[in-house]
Amino acid sequence: MIHSPHLFAEHSPALIGLAALLCLAGSWATSRFFQRIANSGDGLRADWLLLTSVSSGVTIWCTHFVAMLGYHADMPIGIAWAPTLVSLTIAVIGSAAGFTVAVLGDRTGSRRAVGGAIVGISIATMHYVGMSAMRTYTPVSWSVPIVVLSVVLGGGLSIAALHIGGRPTGERPRSNAMALLYALAILSLHFTGMWAFSITHSGNAMTLDSSIDRDSESVLAVAIAIMALATIGAGMVGYLIDGSTRAAALERFRTLAMHDSLTGLPNRTSLGERLELEIIATRESSSRLSLAVIDIDGFKEINDLRGHPVGDEVLRTLGHRMTSLVDASPGTFIARIGGDEFVALHRLESAELQEELDAFLRELLDVSSAPIEFGSDVIRPQASIGAAIFPEDATDAETLISNADLALYRAKADPYSQLCLYDPAIDERTRSRQGLLADLREAMVRDEFLLHYQVQTALPKGDVLGYEALLRWDHPKHGLVSPTEFIPLAESSRLIVTIGAWVLHQACAEAVRWDPPYRVSVNVSPVQLSEPGLVDTVRAALAASGLSADRLELEMTETAVFNDRDQVMRTLVELKAMGVGLALDDFGVGYSSLDVLRSFPFDRLKIDRSFLTGTSPQQTIELIQTVLTLGRTFGMTVIAEGIETPEQRDLLTLAGCLEAQGFLFGRPSSPDDIARTGQFRRSGGLAAPIIGERPH
Ligand code: C2E
Ligand code: MG
Ligand code: MG
């Protein structure tokens with residue numbers, strides 16, 4: 001009896017080597033596929049899991065069989081194919097189970113370890129089921145400690161492989177480490193397992209000269225290896241193609257996201273990134289950075305009159321010219337940040353800073369204003385440029401852009417200069433105006449407006465005739481802001497229409513509570529008068545408050561009348577027909593046109609307070625008498641504004657003026673304060689006026 005510790009006395013190093021190579025290649029592929037499970041969207045995870053499991057199963061199984069075929073037993077051995085196929089199934093399904101567990105949920109360390117253990121057990125099961133497929137003529141025996149060692153080795157390495165490879169952020173070095181550990185798991189289990197296998201047989205037993213069989217075994221081994229490599233290779237090609245299309249898609253996406261599709265120039269996002277970098281670079285060197293905002297004047301007209309395709313072509317041409325400017329002057333970056341707005345960054349490195357900046361901006365202006373030919377037609381774009389310099393004008397990106405914008409605003413407003421550099425002395429006023437305008441948009445929503453009322457008095461006795469409503473804005477930061485400051489802003493933005501409607505509703509709702517029932521005068525802006533909705537607004541305010549129309553008077557200046565004569569005439573005639581009174585405010589400082597007095601249905605003339613200052617008493621009396629004569633001629637009463645002193649009042653009385661308004665009789669005050677003086681009593685509660693519009 002010969003006891004052979006190993007069943008396989010001989011082996012083919014080539015086939016063993018092929019098995020090891022196969023194992024390494026398969027493990028590498030498996031680890032890559034495994035990474036993809038974690039990094040894919042839900043839709044693709046199952047596909048990558050399937051590929052990982054097949055790749056892992058095929059690797060384990062083929063490594064085992066190719067290596068097996070590389071060993072030559074010194075006795076005939078048969079292979080039962082049924083358990084062999086079962087072993088392949090175990091390898092694939094066991095891998096699927098293990099890898100699934102490892103990537104479940106948030107891929108905790110313990111989940112990955114359990115997954116690794118499942119895969120390790122399936123490698124071992126595959127191996128020993130595979131070995132059980134061998135049919136020998138004498139009984140085989142196993143060394144249990146070595147079997148245990150093989151399982152511990154294979155299992156431990158497999159746990160390590162999945163633990164490392166399944167970490168939440170998969171990176172290249174991790175998948176390489178996983179591939180190596182995984183190959184070691186398979187190989188160590190295999191070779192340790194082979195060592196556990198021994199046989200006892202008689203020396204003269206059937207020793208075969210099986211060289212022919214061995215050749216065919218080698219062919220079989222090579223065929224299996226080729227099949228396995230082909231399977232793994234196909235998976236890898238898919239992986240690489242997927243990776244490269246993803247990379248290409250990402251690159252394309254980034255280009256699209258960072259560039260403007262019409263001109264091909266970098267867009268606002270790229271500008272933001274570049275500006276941050278340039279600012280850092282400028283901070284570190286002693287250079288300067290200029291930022292210029294370029295806007296094409298009248299671009300809207302080009303679009304409207306010639307069509308959008310022509311507008312697009314103009315922008316494309318400008319983009320093209322600006323690109324060539326970038327190519328020609330180093331340290332320049334140009335982006336298109338909006339419809340017809342471009343931004344140019346230019347590093348100023350020479351000692352002659354001002355000259356360099358001037359030269360660059362001139363060039364930019366030339367490029368942006370050069371004629372563009374369309375067949376026989378020529379478009380001459382006009383550009384305006386505003387520029388600011390880092391770090392002189394601003395110490396951060398946002399302020400730099402904003403200051404260049406302010407300079408641009410000035411350049412656009414000034415018909416004589418297309419190019420303006422930021423100047424804090426001028427531009428900061430614009431900024432505070434713009435800030436105030438932004439706040440004004442919010443003021444209505446935040447309920448920051450209120451009305452004060454100033455008494456209008458009969459002379460000489462001092463009886464109350466009515467009150468003029470004067471708007472106040474209680475700004476959260478600046479306190480009470482004068483209407484002379486915010487009314488022009490509200491007019492330029494048309495917010496006055498909504499604000500004016502609120503004033504009308506509020507004043508009517510207030511006046512209806514007064515006892516005695518005095519008249520209330522409300523100022524209306526030229527902008528409100530040019531809107532066709534004013535009559536409806538007045539009607540709604542009267543209806544909502546229940547104030548009778550003859551207690552309401554509207555004050556307006558001559559400018560309102562001149563703005564849109566026919567429209568204003570229609571409106572005034574309608575208002576008059578409703579019974580609403582009409583007063584011409586600030587008479588004497590504007591055109592003081594007789595035509596206006598003659599043509600428009602005013603009831604009252606308000607003499608501006610400038611009439612009472614700067615002239616001799618005699619002249620004042622004569623001036624007032626002249627206006628009184630005019631008033632009589634056109635059937636209007638006359639009231640004098642801005643009376644501050646008893647002397648002024650006496651002059652008025654002497655001149656024969658019967659109505660006056662001014663600090664002498666009462667400052668504009670809240671209705672509560674006026675009620676406290678006893679001038680009127682207020683009845684009932686004041687319902688909050690409801691108006692349809694909100695400022696936009
Ligand atoms: P206005 O309609 O001519 O109003 C008279 C202005 O003179 C008021 O200024 C008033 O406070 C001021 N005033 C009255 N008595 C005297 C005086 O004795 N001496 C001096 N120095 N000033 C006096 P306020 O309230 O600042 O309003 C200025 C202007 O703002 C108004 O001039 C009016 O044009 C406009 N405004 C006020 N409220 C509204 C409104 O609700 N809507 C519109 N569209 N404009 C309004
Ligand atoms: Mg007024
Ligand atoms: Mg006035």
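Indexing begins at 1, ligand by ligand and atom by atom, following the structure's order. Heads up: numbering here begins at 1 and tracks the sequence. Computation of the quantities below employed the complete heavy-atom set of this structure, encompassing side-chain atoms and omitting hydrogens, waters and symmetry-equivalent molecules.
Nearest to atom 16 (C) of ligand 1 among the protein's heavy atoms is Phe663 CE2, 3.2 Å. Protein heavy atom at the shortest distance from atom 30 (O) of ligand 1 is Pro483 CB, 3.5 Å. Looking from atom 42 (N) of ligand 1 to the surrounding protein, the closest heavy atom is Asn523 O, 3.3 Å. The single protein non-hydrogen atom nearest to atom 11 (O) of ligand 1 is Pro668 CG, 3.4 Å, given as residue, atom name and distance. The closest protein non-hydrogen atom to atom 19 (N) of ligand 1 is Glu644 OE2, 2.6 Å. Here the protein heavy atom with the shortest distance to atom 31 (C) of ligand 1 is Leu470 CD2, 4.3 Å. Scanning all protein heavy atoms for the shortest distance to atom 1 (P) of ligand 1 gives Asp585 OD2, 3.7 Å. Shortest contact from atom 29 (C) of ligand 1 to any protein heavy atom: Thr484 CG2, 4.3 Å.
A salt bridge between Asp297 and Lys412 is present, with a side-chain N of the basic residue lying under 4.0 Å from a carboxylate O of the acidic one. Salt bridge status for Glu641 with Arg609: absent, with no side-chain N to carboxylate O gap under 4.0 Å. Ion pairing between Glu659 and Arg604 holds under the 4.0 Å rule for side-chain N and carboxylate O. With salt bridges taken as basic N to acidic carboxylate O contacts below 4.0 Å, none links Arg410 and Asp414. The pair Asp595-Arg565 meets the salt-bridge criterion, since a charged nitrogen lies less than 4.0 angstrom from a carboxylate oxygen. Look at Glu301 and Arg306 and you find no salt bridge, because none of the NZ, NE, NH1 or NH2 atoms lies under 4.0 Å from a carboxylate O. A salt bridge is absent between Glu644 and Arg667; no separation between the charged side-chain nitrogens and carboxylate oxygens falls under 4.0 Å. The pair Glu341-Arg336 does not meet the salt-bridge criterion, since no charged nitrogen lies less than 4.0 angstrom from a carboxylate oxygen. The existence of a salt bridge linking Arg682 and Asp672 is confirmed by a sub-4.0 Å separation between a basic side-chain nitrogen and an acidic carboxylate oxygen.
With sequence neighbours excluded, the residues that form a side-chain contact (heavy atoms from CB on, under 4.5 Å) with Asp358 are Gln354.
Distance check: Leu406 CG to Gln434 CD gives 5.5 Å after rounding to the nearest 0.5 Å.
Shown here, atom 25 (O) of ligand 1 is in close reach of the protein: a heavy atom of it lies under 4.0 Å off. Under the 4.0 angstrom criterion, atom 4 (O) of ligand 1 counts as having a protein heavy-atom contact. The presence of a protein heavy atom under 4.0 Å from atom 37 (C) of ligand 1 is confirmed. Atom 34 (O) of ligand 1 lies below 4.0 Å from none of the non-hydrogen atoms of the protein. Distance screen at 4.0 Å: atom 14 (C) of ligand 1 has a protein heavy-atom neighbour inside the cut-off. Put simply, atom 21 (N) of ligand 1 has protein non-hydrogen atoms near it, under 4.0 Å away.
Which parts of ligand 1 touch Ser525 is read off a 4.0 Å heavy-atom cut-off, strictly below it: atoms 44 (N). Listed by number with element, the atoms of ligand 1 under 4.0 Å from a non-hydrogen atom of Ile643 are 18 (O). Numbered from 1 in the order shown, with element, the atoms of ligand 1 that lie under 4.0 Å from a heavy atom of Gln454 read 14 (C), 15 (N).
Neither side chain, Ser369 nor Gln382, offers a donor N or O lying under 3.5 Å from an acceptor on the other. Of the N and O atoms on the side chains of Asn267 and Ser270, at least one donor lies less than 3.5 Å from an acceptor on the other residue.
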Given the rule in the side chain to side chain donor-acceptor pair (under 3.5 Å) test, do Ser384 and Gln418 qualify, once you have shown the distances and angles that lead to the verdict? CA-CA 5 Å; Ser384 295; Gln418 291 168 268; 5.9 Å; no
- prompt: Hey, mind stepping through Lys576 and Asp603 against salt bridge (charged side-chain N to carboxylate O under 4.0 Å, His left out) and telling me if it holds?
  reply: CA-CA 9 Å; Lys576 180 104 182 166; Asp603 304 291; 2.5 Å; yes
Q.
Tyr467 vs Phe680, test: ring pair (Phe, Tyr, Trp, His ring centres under 6.0 Å). Steps then yes/no.
A. CA-CA 11 Å; Tyr467 292 85; Phe680 56 59; 5.2 Å; yes
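Ligand 1 lies out of reach of Gln661, whose nearest heavy atom is not under 4.0 Å from it. Put simply, part of Arg472 is less than 4.0 Å from ligand 1, judged by heavy atoms. Proximity of Glu641 to ligand 1 is established by a heavy-atom distance of less than 4.0 Å. Under a 4.0 angstrom heavy-atom cut-off, Gly500 registers as lying outside contact with ligand 1.
Note: no N/O pair closer than 3.5 Å links Glu491 and ligand 1 by distance alone. Of the N or O atoms in Val503, none lie within a sub-3.5 Å distance of an N or O in ligand 1.
Between Tyr591 and Phe562, the ring planes lie perpendicular to each other; the angle is over 60°, past the 30° to 60° tilted range. Between Tyr453 and Trp514, the ring planes lie perpendicular to each other; the angle is over 60°, past the 30° to 60° tilted range.
Tally of protein N, O or S atoms closer to the Mg ion (ligand 2) than 2.8 Å: 4.
With a 4.0 Å heavy-atom cut-off, ligand 1 is reached by the side chain of Arg609 but not by its N, CA, C or O.
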